[in-house]
Each structure stands twice: as C-alpha cells, then as structure tokens.
**Student:** 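My questions will all concern the structure given below.
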Amino acid sequence: TDNSAMGWSVIGSCDGTIAPTAAPIAFSGPCQWLNGTTTVDIDAWDTADLATYEKGTRVRKGGDVYKCKGYPFYLWCRNPAYEPGNANGIWADAWTAAG
C-alpha cells in the first residue's frame, strides 16, 4: 500500500530458490527441568514407573510435561487410568500441565 514504507523496510525478496524444510519431528532428546539450582531429568510417563510417582514428580508425554499433585491426589498418579493427557480427562485429578 501507499503507507507500507512507514512500518516495513524492504531488505530483499523471495525468489523460490530455497528448498522447503522437512516436516517437524517430535522432540525425543532428554528433557530437563531446573529445580532451583539442580537440573532434574524428566522421564517419559511409563506404567513401569507408576509405583515411583509421588507429589511433585514431573513426567513427559509426547511434547507435554505434567506434574503430580500433592496428597492425597498423588496416589492417583500411580494408577494407569490417570495417564496424563488421556482423552478421558480424569488425569487432571492427579496431574497438572507443567509445560
């Protein structure tokens, strides 16, 4: 438009010479959280680890991180029916989205 120069500076143009990038890939590397001054690894949610989940435990599922709620709700973190992010929605009774 007539006023485009007021907000934008032309620095070049696209000529179609750059190849398109690949589709995004889900992050699969280590996930960490800085707890004050200590770096804590955040492991993927796994039924094999259910007995270890307690208040404050953080797990990742896909690209999301979840934190286990405090007493008495952390007991549900140990129940596979409360898998974080599950479509049934009851997971929110035990977990909070944390990233």
Side-chain angles (χ1 to χ4, degrees):
T1 68
D2 294 336
N3 298 319
S4 64
M6 294 175 65
W8 300 96
S9 298
V10 177
I11 59 171
S13 62
C14 297
D15 60 7
T17 59
I18 298 174
T21 59
I25 298 171
F27 180 74
S28 62
C31 184
Q32 297 180 324
W33 170 61
L34 184 60
N35 182 7
T37 58
T38 306
T39 302
V40 178
D41 289 334
I42 301 176
D43 296 320
W45 183 89
D46 190 345
T47 54
D49 297 328
L50 288 176
T52 66
Y53 297 153
E54 57 188 27
K55 174 187 174 182
T57 298
R58 290 176 188 256
V59 296
R60 65 183 161 82
K61 186 165 178 230
D64 299 318
V65 175
Y66 299 90
K67 180 180 174 184
C68 184
K69 292 182 177 181
Y71 180 84
F73 307 104
Y74 79 88
L75 297 170
W76 292 332
C77 294
R78 299 175 180 184
N79 184 325
Y82 290 83
E83 178 179 351
N86 214 356
N88 64 19
I90 65 170
W91 66 268
D93 292 339
W95 301 91
T96 56

**Student:** Output the rest of the hydrophobic cluster of L34: all Ile, Leu, Val, Met, Phe, Trp and Tyr residues reachable through side-chain heavy-atom contacts under 4.5 Å, sorted by chain and number.
**Tutor:** none

**Student:** Transitive ILVMFWY cluster of Y71 at side-chain heavy atoms under 4.5 Å: who else is in it?
**Tutor:**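 Its cluster partners, ordered by chain and number, are Y74, L75.
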
**Student:** Among residues at least two apart in sequence or on other chains, which ones pass side-chain contact (heavy atoms from CB on, under 4.5 Å) with A81?
**Tutor:** N79, I90

**Student:** For residues 74-89, which residue pairs qualify under salt bridge (charged side-chain N to carboxylate O under 4.0 Å, His left out), counting only residues two or more places apart or in two chains?
**Tutor:** K61-E83

**Student:** Taking the hydrophobic residues Ile, Leu, Val, Met, Phe, Trp and Tyr, and joining any pair whose side-chain heavy atoms are under 4.5 Å apart, which ones share a cluster with V65?
**Tutor:**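 ILVMFWY cluster around V65 also holds W33, V40, I42.
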
**Student:** Return the set of residues passing side-chain hydrogen bond (donor to acceptor under 3.5 Å, both in side chains) with N88 (not counting sequence neighbours), or none when no residue passes.
**Tutor:** none

**Student:** Restricting to side-chain contact (heavy atoms from CB on, under 4.5 Å), what partner residues turn up for W76, sequence neighbours left out?
**Tutor:** F73, Y82, D93, A94

**Student:** Is there any disulfide (SG to SG under 2.5 Å) pair reaching into residues 64-99, and which pairs are they, with sequence neighbours excluded?
**Tutor:** C68-C77

**Student:** Quick one: side chain to side chain donor-acceptor pair (under 3.5 Å) pairs with a partner in residues 43-58, sequence neighbours left out?
**Tutor:** none

